[in-house]
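Right, one structure below, let's go through it.
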Amino acid sequence: MKKGWRFVLTLVLILVLLGAVAVGVGFLTGSSFEKAYNGLVGSPVFTFINTMIGYWNQFVDSWSTWLPV
Amino acid sequence: MYVTDSAPCAIWRLQERDHQSEVTDINRQRFLSELAKLLSFMHEEDRQRAIAAYTALFDQADDEQAMLQTLNTPLVQAVQVARAYNSGHHGDGEADGIPPYLQTIYDIGTAALSEQPIQNQADEDQFSLFDEEREAAPAYDTSPYVPQEAEATAETPVSNSAPAGESAPEAAAAVIETVPAENEYEAPVAAAEIPAAEETEIAAPEESELPPSDISRAAESARSETVDEPEQELEKKVSDFLDNFTLKTEESEPLPPDTPSELAKKPRRIAVDKTLRKPRVPLLILYCLFAIPLTLALIVILLAPTVVSLAAGLLCGVTGVLGFLSIFSSFSLMCDMLVVAGISLILLAVGLLLLWLFIWLIGGAIAGIVRTAVDLGGKWCYKEVPAE
């Protein structure tokens, strides 16, 4: 278990450092959170996920009418 | 080559002999004391019997050093005695009133005493191989295996080649003397002992007048007169040892004087596998009444962060992977790509950490709580009782 913790923490640290460096370089080269968010929301992957979440909400709403509240 | 007749060499031999006797004494003491320590699992009376038997074994031996070499280490002897002791500890392995462990020591002693003279003779041969005095001795005296080969040789057609003028035992002895020449160790010595005249006599088969049965009988008598002496001595020694051995073991003597006195005062230890775990029923019921709800409550408390960490880890991981997938489809600028990739990496790292936390909570914390509760119950509510 100790070795597992050491391995996972080392991997997490490396990933966080790489991510921080990438975000820093991105901001330094002219990007921003707003531009990144707008790009993500407009991407087909997130559009598909949003669509699936909408279907899930409709499904839950339809079953909630049958549940005794 | 050794200069055996010189005075310094003789003095050196005397010193060496004194040194060897000193070393033998120390080794014997050490052997017996270590053996006594190793046999401490036995009952005191049985242990004293075993030590007395080993002491008798050393007393019977002519060369204690050879006996020590034959017995190997105290650990080896202790293992053999322990096996025999455990096999017949409850009385079912006893035969003729002798406990199995004493029977084992008896067998070891018999084997060791029968091996000892052979080792001594081999050592003497090895040392005196180039000594002139030793060369004059008959070659068959140095090897106990010679008589069997001589007997086999006496029945072969070669044995008919005894000279007519010699008596039957002398002819047989001549035949016997030719046999060690085929032995790889005695070949040079035996070849040097046979004169040229005897060789010619032996090599003439036409002059033989004795029938094969007489030759074999003569070989038997010669063997019984000369070559069987060491075996008879050995048998006598073994029988003497056995007589003394049975007498000493039946008397249950105290520990030998060279055994440390602390060992005699040492209390008998009970083997670990001879104990039983007996539950304290009221305490066990009380413990179950308190421990089971407490353990379940702790597990439920730990299940909440476990499930949360699993859900959050999965969410972070999926989001990070989707962010990576959307980089190449939604963004055209490199700076935006870098920001999204960085955030995705951080999300993946957090997701990995949360998933590992979930594994640790399930396999480490919750299993640890259950294991601790069981261990504490076993420790508090059970007692070890010696087995009857």
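Letters A, B, ... are given to chains in the order of the sequence lines, protein chains preceding strands, and every chain is numbered from 1. Below, all heavy atoms of this structure are taken into account, side chains as well, without hydrogens, waters or symmetry copies.
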>> Please classify the contact of B:Leu353 with chain A as side chain, backbone, both or neither, using a heavy-atom distance under 4.5 Å.
In response: both
> With only heavy atoms counted, which part of B:Trp360 is less than 4.5 Å from chain A, the side chain, the backbone, both or neither?
Replying inline: both
> For the candidates A:Gly30, A:Ala20, A:Gly24, A:Gly4, which exhibits the highest count of non-hydrogen atom pairs separated by less than 4.5 Å from chain B?
Replying inline: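 With the most close heavy-atom pairs to chain B, the winner is A:Gly4.
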>> Quick check for you: among A:Tyr37, A:Phe33, A:Phe46, which has the greatest number of heavy-atom pairs under 4.5 Å with chain B?
In response: A:Phe46
>> I need the contact set between residues 335-343 of chain B and chain A: heavy-atom distance under 4.5 Å, sorted by residue number.
In response: B:Cys335, B:Asp336, B:Leu338, B:Val339, B:Val340, B:Gly342, B:Ile343
> Which residues from residues 5-14 of chain A are near chain B, with near meaning under 4.5 Å between non-hydrogen atoms?
Replying inline: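 Under the 4.5 Å heavy-atom cut-off, A:Trp5, A:Val8, A:Leu9, A:Leu11, A:Val12 qualify.
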> Given that the side chain runs from C-beta out, which part of A:Val45 has a heavy atom under 4.5 Å from chain B: side chain, backbone, both or neither?
Replying inline: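 Contact with chain B involves the side chain of A:Val45 alone.
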>> So if I apply the side-chain contact (heavy atoms from CB on, under 4.5 Å) rule between B:Leu345 and each of A:Val23, A:Val16, A:Leu15, which one comes out positive?
In response: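 Considering A:Val23, A:Val16, A:Leu15, a side-chain contact (heavy atoms from CB on, under 4.5 Å) with B:Leu345 is found only for A:Leu15.
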